[in-house]
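Written out below as structure tokens is the structure these notes cover.
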There are 4 protein chains.
Amino acid sequence: MDRTAYHRTVPRKQSATRAGIAPEAETKSARTRARILDAAAHVLSVKGYAGTRLSDVAEYAEIQAPAIYYYFSSREELIEEVMFAGIAEMRRYLKDVVDGLPADMSPMDKILTAVEAHLRHELELSDYTTASIRNSGQIPEHLRSRQRKEEVGYGRLWRKLFDEALAEGMIDPDLDVRTAQLLVMGGLNWAAEWFDPRKFSIDEVVRNAQTLVRNGLLSHK
Amino acid sequence: MDRTAYHRTVPRKQSATRAGIAPEAETKSARTRARILDAAAHVLSVKGYAGTRLSDVAEYAEIQAPAIYYYFSSREELIEEVMFAGIAEMRRYLKDVVDGLPADMSPMDKILTAVEAHLRHELELSDYTTASIRNSGQIPEHLRSRQRKEEVGYGRLWRKLFDEALAEGMIDPDLDVRTAQLLVMGGLNWAAEWFDPRKFSIDEVVRNAQTLVRNGLLSHK
Amino acid sequence: MDRTAYHRTVPRKQSATRAGIAPEAETKSARTRARILDAAAHVLSVKGYAGTRLSDVAEYAEIQAPAIYYYFSSREELIEEVMFAGIAEMRRYLKDVVDGLPADMSPMDKILTAVEAHLRHELELSDYTTASIRNSGQIPEHLRSRQRKEEVGYGRLWRKLFDEALAEGMIDPDLDVRTAQLLVMGGLNWAAEWFDPRKFSIDEVVRNAQTLVRNGLLSHK
Amino acid sequence: MDRTAYHRTVPRKQSATRAGIAPEAETKSARTRARILDAAAHVLSVKGYAGTRLSDVAEYAEIQAPAIYYYFSSREELIEEVMFAGIAEMRRYLKDVVDGLPADMSPMDKILTAVEAHLRHELELSDYTTASIRNSGQIPEHLRSRQRKEEVGYGRLWRKLFDEALAEGMIDPDLDVRTAQLLVMGGLNWAAEWFDPRKFSIDEVVRNAQTLVRNGLLSHK
DNA sequence: CATGAATGAGCCTTCATTCAT
DNA sequence: AATGAATGAAGGCTCATTCAT
């Protein structure tokens, strides 16, 4: 298998310094709104749900706290949107990547492409993703409905890939696909906790993860 | 390889309903203190650092909130102790398990034993572990020194196992041991986020994780 | 000696009902801040350092307690400022009075002018002064540095007057100037404890104090 | 006038290190009670009414806080007793001293004796006295009835002396006796605020106060 | 659009007090 | 006679939120 083939299919994300997911907005108003969202994602990823103070968000966004209310009707709505945006964007991105793959690519290569897409998105756009990932267990239930739907949808993308691989006999029969999928995705999610761009390169992490996943899932009989 | 051989070396943990790490204490005072710690671990794992209210801890421990101050001098001290206890206990446990293994066991089997030990401890005693794991990024720096030391120590235990396996040529040369170790441990850590005893058995999760790890690390040339 | 000569040099202070030292402020914000300070001075003078509750201060200032934090970052800062303002204002006032005296006035007459200034300030603006005076022994050390400096400066003003009188041979040689000064100032300070405008007039108290001090210090040989 | 004549009439108080007013008690129980009272006087004089914590009193008395309740039914009762004891003891002491004076002693010399007695009692036994003096303005009304009665009685002792002096024409006719008396007593009371045994000797303070008072009151026409 | 000013709710913490031992 | 353990009440402080400007 050509290990570099799928590489090219995953575009580089914007630089981590920009770190926002909101599009470069036209109106000033939309830009302020985006800045608030970005700031909230950042604070949320660092301080957690209960620790996210509007004053911190405001400071990071370089506005006054009450100004937030011009764009969001409450702290909860703002946070809900960050949590949703994190996973929704991730899902949309993975879907685009997978849909863009050649129809004849092997299921395992598709999975490895997904591994790369997930890692790049998580580690390069880390605020939204880690906000969404780290806090999904701490957020009150009533803020999670949209996010949960996206999570399920996101999981479904992966499930399809795993199911295809299973159907083609590429998965070690000792494994339960569902459990294996969760363990794999967990390994990827957790990378945000230890990844430090000064110690690792993303490419390196991607390569190792792909090797580990391919080895791990493949039937070696 | 006999997949059940190392199984027997990892003892069952106490049932998850007890969920505490403090020993069954002698004096009533020590028992109250332990109950508070257990309660704090529980709340912390669910609500996160900033969301952990002493009133919730007290309610869970079936005391009044100010009683906490009879045993801990501040909310911070209580939380610090939970965070420390979670990882310290995990480390002590893994060390005992590994030290008890037969000297001639293969490095890979040792790793698989560690996988099982980590998962059982995490999923059965989940409050302390998930508290420690989930909040390690949200807790103020000054509360983390003891915990961090334990984390390093814990990582060293795993590192030794991986290094042995590497030395014996059991690790796929395409992998960087350090990165692979972090990805593996992440997959295990994350299990606390999705594991639901009503949908999975711990044995099943352990078995899948072991297969995945063995396949994933092993050289298949 | 014409006992009324120095009288005219000491202006009447504003009425005790206003009781504040802050200038009639321009902005509403500054007025609220001044109201809080005045209220704190009042409560502090009555209840003492430890007994001063922000809720009482707030009630007296006709705001809600948390509003205090908009103007002062802590209870301690508020109290520190009251304590400082009390003595600083007193010092500034006495300095102005003394500096305005004719150069050829006799040292004893200057002392008597100071006696009057001290008493008027203390008894008419009593909240700040009694707050500062009564609590100077109960306040934690770290809140006293600015106040202490003012106290020293205030004492120096008096010291100069006493030294002049000594130099001109007007002090009874049986007296130690320093001790006499402390006893005299104590008598004046203490007046806030017993002075009741319904039973005494300030003019009367001033006159008696002046007589007592002049007689007391003067050499009668 | 022989300035040393009245000196001998005022006995030295017990050393300041003992600092208690309770008699050397017989039973251990009575001794503990006395220790608590002494401790309360000390804390009260330093921290003020609201700042006096039973835990501090207990620590100073070298017992546990709840033990106080074996001897006093509440914090208020304990404080009330200290406040009362301070002034009551002062009054009893001054009365004994004055009653012991030769019938033919001049009224002014009697006043000077009182000056000495007041200062010695205040500066040597300072805890009770300063507790009583400093807090008399901060204590809730319902704790003051016994103390107030003693204060009035104590004031009456002084009043008699001043009235005698007035009757014998020894008081400057420019003075109002009542006002003069309050100013004099204030000067003495305040001495506790500045007196520092490392800088002054009590004898020296007494001598200066006597000179000042004699000069101050005396008619010099 | 944005901010200065203010408030209500809630949390951590302290402390007098109680009670069983 | 004294203490360990616990509680109820209250106070300082923070923070989301509102509102007039």
Side-chain angles (χ1 to χ4, degrees), chain A residues 27-29 32-33 50-58 62-79, chain B residues 27-33 36 50-58 61-79, chain C residues 27-33 36 50-58 61-79, chain D residues 27-33 36 50-58 61-79:
Chain A
T27 72
K28 188 188 164 214
S29 170
T32 306
R33 193 191 133 96
T52 295
R53 289 178 304 206
L54 290 191
S55 53
D56 288 349
V57 173
E62 294 179 309
I63 54 168
Q64 300 297 318
I68 294 174
Y69 286 86
Y70 189 81
Y71 300 94
F72 301 89
S73 68
S74 71
R75 172 181 182 272
E76 293 203 337
E77 191 194 293
L78 169 59
I79 290 180
Chain B
T27 71
K28 189 185 164 215
S29 172
R31 252 175 291 131
T32 305
R33 195 190 134 98
I36 294 173
T52 295
R53 289 178 302 212
L54 291 191
S55 54
D56 288 348
V57 173
E62 294 179 307
I63 54 169
Q64 300 299 315
I68 294 174
Y69 285 85
Y70 190 80
Y71 298 95
F72 302 89
S73 66
S74 71
R75 173 183 179 273
E76 294 204 337
E77 191 194 293
L78 170 60
I79 290 179
Chain C
T27 71
K28 189 187 164 216
S29 172
R31 252 176 290 132
T32 305
R33 195 191 131 98
I36 294 173
T52 294
R53 289 178 301 212
L54 291 190
S55 54
D56 288 347
V57 173
E62 295 179 306
I63 54 167
Q64 300 299 315
I68 294 173
Y69 286 86
Y70 191 80
Y71 297 95
F72 301 90
S73 67
S74 70
R75 174 184 179 271
E76 293 203 338
E77 190 193 294
L78 170 59
I79 290 180
Chain D
T27 70
K28 188 188 164 213
S29 171
R31 251 175 292 131
T32 305
R33 195 191 132 97
I36 294 172
T52 295
R53 289 179 305 205
L54 291 191
S55 54
D56 288 348
V57 173
E62 295 179 307
I63 54 169
Q64 300 297 317
I68 294 174
Y69 286 86
Y70 190 81
Y71 300 95
F72 301 89
S73 68
S74 71
R75 171 182 184 271
E76 294 203 337
E77 192 195 292
L78 169 61
I79 289 180

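As the structure is a prediction and not an experimental result, all values here were calculated from the model. Each chain gets a letter, A, B and so on, in the order its sequence line appears, and its residues count up from 1.
Distance from the side chain of B:P66 is smallest to E:dC15 among F:dG11, E:dT18, E:dC15. Closest to the side chain of A:I63, from the set F:dT3, E:dC12, E:dT3, is E:dT3.
Put simply, CD1 on D:I36 is 8 Å from P on F:dA2, counting in whole angstrom units. At whole-Å resolution of the value, CD in B:E76 and P in E:dC12 are 11 Å apart. In this structure, C:Y69 atom OH and F:dT17 atom C1' are separated by 20 Å, rounded to whole Å. The nearest whole Å value for the distance from the CD atom in C:Q64 to the C1' atom in F:dC13 is 15 Å. One interatomic measurement links the two molecules: CG of D:L54 to P of E:dT18, which rounds to 11 Å at whole-angstrom precision. Per the geometry, CD1 belonging to C:I68 stands 14 Å off P belonging to E:dG8, to the nearest Å. Atom-to-atom, CZ of C:R75 to P of E:dT14 comes out at 14 Å; the value is rounded to the nearest Å. The nearest whole Å value for the distance from the CD1 atom in C:I79 to the C1' atom in F:dG11 is 13 Å.
D:Y71 comes within 4.0 angstrom of the backbone, heavy atoms only, and of no base. Heavy atoms of D:S73 sit nowhere under 4.0 angstrom from any nucleic acid atom.
When the side-chain nitrogen and oxygen atoms of B:S29 are compared with OP1 and OP2 of F:dG4, none of them lie within a distance under 4.0 Å. The side chain of B:Y70 places no N or O atom within less than 4.0 Å of a non-bridging phosphate oxygen (OP1 or OP2) of F:dA6. OP1 or OP2 of F:dA2 lies within a sub-4.0 Å distance of a side-chain N or O belonging to D:K28. OP1 or OP2 of E:dA6 has at least one side-chain nitrogen or oxygen of C:T32 nearer than 4.0 Å.
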Would C:F72 and C:R33 count as a side chain to side chain contact (heavy atoms under 4.5 Å, CB included) if you check the C-alpha gap in whole Å, the side-chain angles of each, and the deciding distance to 0.1 Å?
CA-CA 9 Å; C:F72 301 90; C:R33 195 191 131 98; 3.5 Å; yes
What's the verdict on side chain to side chain contact (heavy atoms under 4.5 Å, CB included) for B:T52 and B:R75, showing C-alpha distance, side-chain angles and the deciding distance?
CA-CA 9 Å; B:T52 295; B:R75 173 183 179 273; 4.2 Å; yes
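C:I68 CD1 to C:S74 OG: the interatomic distance, rounded to the nearest 0.5 Å, is 11.0 Å. A distance of 9.5 Å separates CG of D:L54 from CD1 of D:I63, quoted to the nearest 0.5 Å.
In the displayed structure, A:E77 atom CD is contacted under 6.0 Å by more than 12 heavy atoms of other residues, nucleotides or ligands.
Nearest-nucleotide positions on DNA chain E for C:E62 and D:S74 put C:E62 closer to the 5' end. Checking D:A65 against C:A65, the closest nucleotide of DNA chain E that is more toward the 5' end is the one next to C:A65.
Taking a pair to require two hydrogen-bonding distances under 3.5 Å in either a Watson-Crick or a G-U wobble arrangement, F:dA20 pairs with E:dT3.
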